[in-house]
Amino acid sequence: MLLYTCKTAPSPRRARMFIAEKGIEVPMQEIDLRSGEHFSDDFRRKNPYATVPTLELDDGTCISESDAICTYFEALQPEPALMGTDPKSRALVSMWNRRVEFDGYLAVAEGFRNKVSAFKDRAMPGKHPVPQVEALADRGAQRYRDFLEDLDQRLGESEFVAGDSFSLADITAFVTVEFAKGALKIEPGADQANIARWHAAVSSRPSAQA
Ligand SMILES: N[C@@H](CCC(=O)N[C@@H](CS)C(=O)NCC(=O)O)C(=O)O
C-alpha cells in the first residue's frame, strides 16, 4: 500500500489525519504539485484526475478522493470509529462532513483558486483547463465567512461537529480552517468562541501534526 500525498495541500491532509487517528502505518510518497508531478504520465496512469491524495493498494488498485480513502480505512479498521457506529450516527457524520466540504472546504478552494496567479487556467483541480473568474474569488471568501458563522453556531450545540464524538467531519472542518488561514488569510473571528474551544481541542490531538 502507498499513499501519494503532498505536505502543503489540504485534501491529502484529511487522509493523513484520518490514518493517524486510526494509528495505521501507511507508507507515503510525496508528489510535488508545484512542479506538476501529478500531471506526469506515470501518476495519471494511477489517477487520471491527477489529484492527491491517491491510495495505491498492493494489487495495483488506485483510490482517489479523500472521502473514499477514509471509507476504505474505516472498513479495514473500524476502531476508533470516525464515521459513526450505527445507522443514525453514520448518517449524521456523512451529513455534517458533506456540509463542511461543500460550504467550507469548497468555498475556500473557490476563493483561492480563482485569485492566485499560480492557478491561472487551473481554477479547478484535475486534468481539464478551467479559467479563473475574478468574482468567484470574492464569492468564495464570503461563503467561507458564512460557513464560519454556521460552524460556530453548530459547535455551540455540540462538542464536535457531528455530535458527541470526534469524527471525519471534525477532520474536514479542521483542515478547512487551517487551509483558509494560508489561502484566504481569513481566521475565525475573536467572537467565535465555540470554534476557538473546538479548534484548541482538535489542535492538541497528535493527528493534527499529520
Ligand atoms: N475531492 C478531492 C480533491 C482533491 C484535490 O483537489 N486535491 C488537490 C490538492 S488539495 C490537488 O491534487 N490539486 C492538483 C491541482 O491543483 O492540479 C479529494 O477530496 O481528494
Side-chain angles (χ1 to χ4, degrees), residues 1-22 26 28-57 61-75 82-83 93-133 136-137 140 143-144 147 161 167-184 186 207-208 210:
M1 193 186 288
L2 185 61
L3 183 75
Y4 296 94
T5 181
C6 175
K7 267 283 171 202
T8 53
S11 293
R13 190 174 184 192
R14 290 177 63 198
R16 289 198 311 271
M17 270 188 84
F18 194 92
I19 290 165
E21 286 284 337
K22 290 277 177 193
V26 178
M28 299 193 188
Q29 182 174 319
E30 189 74 5
I31 296 293
D32 185 355
L33 296 183
R34 274 172 207 255
S35 70
E37 191 182 352
H38 53 309
F39 292 122
S40 68
D41 290 345
D42 191 34
F43 189 75
R44 283 171 63 167
R45 265 193 294 277
K46 299 179 194 302
N47 175 3
Y49 291 94
T51 53
V52 285
T54 298
L55 179 70
E56 185 170 18
L57 304 183
T61 303
C62 288
I63 303 169
S64 61
E65 294 299 318
S66 43
D67 270 23
I69 293 169
C70 295
T71 301
Y72 177 77
F73 284 112
E74 184 82 353
L82 296 171
M83 297 176 79
V93 171
S94 174
M95 178 186 92
W96 282 106
N97 188 53
R98 286 177 71 86
R99 279 194 188 162
V100 170
E101 187 164 359
F102 279 89
D103 296 346
Y105 181 89
L106 291 177
V108 181
E110 182 176 82
F112 183 50
R113 294 189 73 117
N114 282 289
K115 186 169 173 181
V116 174
S117 59
F119 288 117
K120 186 175 179 316
D121 291 326
R122 291 179 48 223
M124 300 289 282
K127 60 183 179 179
H128 300 294
V130 177
Q132 291 178 315
V133 176
L136 288 178
R143 284 179 57 217
Y144 178 63
F147 165 76
V161 173
S167 76
L168 175 60
D170 295 287
I171 292 177
T172 306
F174 179 76
V175 168
T176 296
V177 168
E178 295 300 294
F179 178 30
K181 284 182 192 171
L184 300 183
I186 300 176
S207 65

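As the structure lists them, so they are numbered: ligands from 1, and atoms in each ligand from 1.
- By the side-chain hydrogen bond (donor to acceptor under 3.5 Å, both in side chains) test, S11 pairs with Y105, sequence neighbours left out.
- For Y49, the OH atom sits in a loose shell: 12 or fewer heavy atoms of surrounding residues, nucleotides or ligands are nearer than 6.0 Å.
- We find that R98 and D67 are not joined by a salt bridge, their nearest charged nitrogen and carboxylate oxygen being 4.0 Å or further apart.
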Pairs under 3.5 angstrom, nitrogen or oxygen on both sides, ligand 1 versus protein: list them out, please.
residue  : atom   : partner : partner atom : Å
ligand 1 : 1 (N)  : E65     : OE1          : 2.7
ligand 1 : 7 (N)  : V52     : O            : 2.8
ligand 1 : 12 (O) : V52     : N            : 2.9
ligand 1 : 16 (O) : R113    : NH1          : 2.8
ligand 1 : 16 (O) : R113    : NH2          : 2.8
ligand 1 : 16 (O) : R122    : NH2          : 3.1
ligand 1 : 17 (O) : H38     : NE2          : 2.9
ligand 1 : 17 (O) : R122    : NH2          : 2.7
ligand 1 : 19 (O) : S66     : N            : 3.3
ligand 1 : 19 (O) : S66     : OG           : 2.6
ligand 1 : 20 (O) : S66     : N            : 2.8
ligand 1 : 20 (O) : S66     : OG           : 3.4

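- Under the 3.5 Å distance criterion, the side-chain polar atoms of R143 are matched with a main-chain donor or acceptor of F102.
- A salt bridge does not link E30 to K7: none of the charged nitrogens lies less than 4.0 Å from a carboxylate oxygen.
- Summarising the local packing, NZ of K120 is surrounded by 12 or fewer heavy atoms from other residues, nucleotides or ligands at distances under 6.0 Å.
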